[in-house]
Amino acid sequence: MAARRNPRPPPIWSAVLFAAVLVAAVLLAAGCTSGGRSEGGGQAATPTSAPAAPAGPLKVQLVTTAKVPPGGLSAGRAARRAAPGLERFLDRYLRAAYVNAAGGEAGWDGLLGLFDTPVRAAARKQLNALSLGEAAPTVTAVRPGRATAKAVVLYGAKRPEAATVRVAFDGTADTAQGSGPVHLRSVLQLLATGDSWRIAAFDSRTGSAK
Amino acid sequence: MSGRASRGRLSRRGLAWVAALGLVTALAAGLVATTSPGRPATARAASVGQAFTVQRAHAGSATPALKGRIVLLTVGSDSGAPRFGRGGSMESGRADALQLVIIDTARRRGAVVSFPRDSYVPIPGHGTSKINAAMAFGGPRLLVATFERLTGLTIDYYALTSFDGLTDIVNKVGGVQVDVDMNLRDHFAGAFLDKGRQTLHGGQALAYARARKTLPGGDFDRSRHQGQLLLGGLGTFQRQVAKDPTRVMAWLAVMRDEVKTDLSFPELLRLALLATAVPPSQIRNIPVPGAAGSAGGASVVRLQPGAYSLFARLRAGKLS
C-alpha cells in the first residue's frame with residue numbers, strides 16, 4: 001500500500017532518466033563546441049568534434065587471375081606468382097597518392113614515377129583524378145580504410161607482362177576543418193618492367209562522390 | 001487525503017519527468033538547430049558525423065601518347081597453316097594480305113592502305129615481281145624493304161599471321177563485327193555472306209578475306225575486304241574494352257599466341273592501349289589504285305599513277 005501511496009520510479013526509469021540527461025549533456029556539449037567554432041570565424045568543427053578513428057595500416061586486398069601462354073605455367077600458379085609484386089605496386093601507388101600525399105610536401109614525383117613515360121604527362125595534368133591532388137596541402141593525414149583490387153594478369157613464358165587492375169580505395173582524410181571520406185576508383189592498365197610495374201593507361205575517379 | 005497527496009506527489013514527479021524530457025528534447029532540438037542550413041556545411045557535417053568534402057569529385061583517363069605517326073605493315077601469309085593444308089612457316093610463305101596501317105597518334109586518325117597481292121613492283125635484289133613474293137624471297141625483312149622502296153614510307157613494325165592464325169584470332173575474341181559490303185557466294189573461298197553489318201566467326205572472316213574469283217573487282221575487292229576486317233576488328237576490340245577493360249589482356253594474349261611481329265611487348269601494349277582511343281570512323285580504308293595486266297604470262301596488278309600520288313600524300317603526312 002505504501003508503495004502505492006508513495007510510488008518511486010522503478011530503478012529502470014531512474015536509469016533511463018539518468019541516461020537521457022547524460023545524452024542531453026553530451027549533445028549540449030557537442031552543440032556548443034560546434035556552434036562556438038562556427039561563430040568564431042566561420043570555421044568548421046575540428047576533428048576533435050568528430051573524433052578520429054584509429055589509423056589502420058594500408059592493406060590491399062588483391063584478387064588475381066592470369067592468362068598464360070600454351071605450355072606455360074598453369075593459370076593459378078601464374079596468378080599466385082604475380083600477386084605479391086602487384087600488391088606491392090598498388091601499395092606504393094596508394095601511399096604515394098593518398099597516405100604520403102597528405103600535407104602536400106612530398107610532391108608528386110614519387111607518384112608520377114609509377115607511370116609509363118608515354119602517359120606521364122597526362123597523369124601530371126590529371127592528378128586530381130588519380131590522387132588527393134589539389135586537396136593534398138589542406139589534408140593533415142589520410143587514414144586508409146578499404147583497399148581492394150582485382151587484377152587480370154597476362155603472364156609470359158617466365159614472368160608477368162601486363163595486367164589490368166580495378167582498384168577501389170576508401171579512406172578518411174583529416175583537415176583543420178574536419179574529416180571526410182576520400183575515394184579512388186580506377187582501372188589501371190599496367191606494364192611489367194622486370195621487377196615492378198608501370199601504369200600505361202588509366203581511367204580513374206576520385207573525390208567524395210562514389 | 002493521503003490519496004490526493006499521493007496523486008499530487010505523483011503529479012509533481014510526473015511534471016519533473018516531463019520537464020526533464022522537455023529539457024532533453026530542447027537540447028536535442030537546439031543541437032539540430034545549430035546544424036540546420038545557414039551554418040557552414042563543414043561544421044554541420046562534422047558535428048553530426050556526416051561526410052565532409054575534402055576533395056571534390058574528379059574523373060580522368062589517358063592512353064599512351066606515342067610518337068607522331070606509326071606505320072604498321074600487316075601481313076597474311078599463305079603458309080604456316082596446317083589446318084588449311086598449308087605447310088612451311090609463315091615467314092617463308094607468300095604474303096596474300098597486305099595492309100599498311102598508318103596511325104596519326106596526335107590526331108587519333110589513320111588509314112588502312114590495302115595493296116593487291118598481285119601488285120607488280122620492284123623487289124630489292126629480285127628484279128620486278130608480284131609483291132606477295134617478296135616475303136617468300138627474303139622473309140618479312142625483305143617485304144618491309146620492298147614496301148619502303150615502293151612507298152617511300154618508313155615502316156615501323158610488321159605483324160604477320162596465317163590462315164590458322166586469323167581464324168583463331170577471330171574465334172578467340174568472340175567474333176568480329178564487319179560491314180559486309182556485298183552479297184557473297186564464293187565457292188572457292190567458302191564465302192557465303194549477305195550484305196550488311198554482322199559478326200563473323202573465324203571461318204567466315206577468313207573466307208571474306210580470301211574471296212576473289214567471284215567478286216566483280218577481283219583482287220581490288222578482296223584487298224578492300226581485308227581492310228574492312230581490320231577495321232571491324234578494331235571496332236570490336238574497342239566495344240569489348242569499353243564494357244570490360246580486362247579484355248585488353250585477352251586480346252593481347254590472342255595476339256601473342258597467333259601473331260609474329262617485331263613489336264616488343266611494351267610497344268604492343270602501348271599500341272593496343274592507343275587503339276582504344278582511335279575511332280574506326282576516323283580510319284580510312286584506301287585501296288591502292290591499280291589495273292589488271294599481265295607479265296610473263298601471269299596475271300598481275302599494275303599500280304596506276306594514282307597509287308604514286310597516294311604514296312606522296314602519305315609521305316607528306318596526309319591520310320587520304
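In the text below, chain A, chain B and the rest are named by the order of the sequence lines, each starting its count at 1. Computed over heavy atoms, backbone and side chain alike; hydrogens, waters and symmetry mates excluded.
No salt bridge links A/Lys67 with B/Asp257; every basic N to acidic carboxylate O contact stays at or beyond 4.0 Å.
Both the backbone and the side chain of A/Asn128 come within contact range of chain B, judged by heavy atoms closer than 4.5 Å. Neither the backbone nor the side chain of A/Ala123 has a heavy atom closer than 4.5 Å to any heavy atom of chain B. Proximity to chain B (any heavy atom under 4.5 Å) is shown, for A/Arg198, by neither the backbone nor the side chain. A/Phe115 does not touch chain B: none of its heavy atoms, backbone or side chain, sits under 4.5 Å away. Looking at A/Leu188, there are no atoms closer than 4.5 Å to chain B (heavy atoms on both sides), in backbone or side chain. In this structure, chain B has heavy atoms under 4.5 Å from both the backbone and the side chain of A/Val152.
The most heavy-atom pairs under 4.5 Å with chain B, out of A/Ala122, A/Ala129, A/Pro118, come from A/Pro118. Taking A/Leu130, A/Thr138, A/Thr164 one by one and counting their heavy-atom pairs under 4.5 Å with chain B, the maximum is reached by A/Thr164. Heavy-atom pairs under 4.5 Å with chain B were tallied for A/Arg166, A/Glu134, A/Glu161; the largest tally goes to A/Glu161. When the candidates B/Ala253, B/Pro245, B/Pro64 are compared by the number of heavy-atom contacts under 4.5 Å with chain A, B/Pro245 comes out ahead.
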Could you go through the side-chain contact (heavy atoms from CB on, under 4.5 Å) check for B/His58 and A/Leu127 one step at a time?
CA-CA 9 Å; B/His58 297 280; A/Leu127 282 168; over 6 Å; no
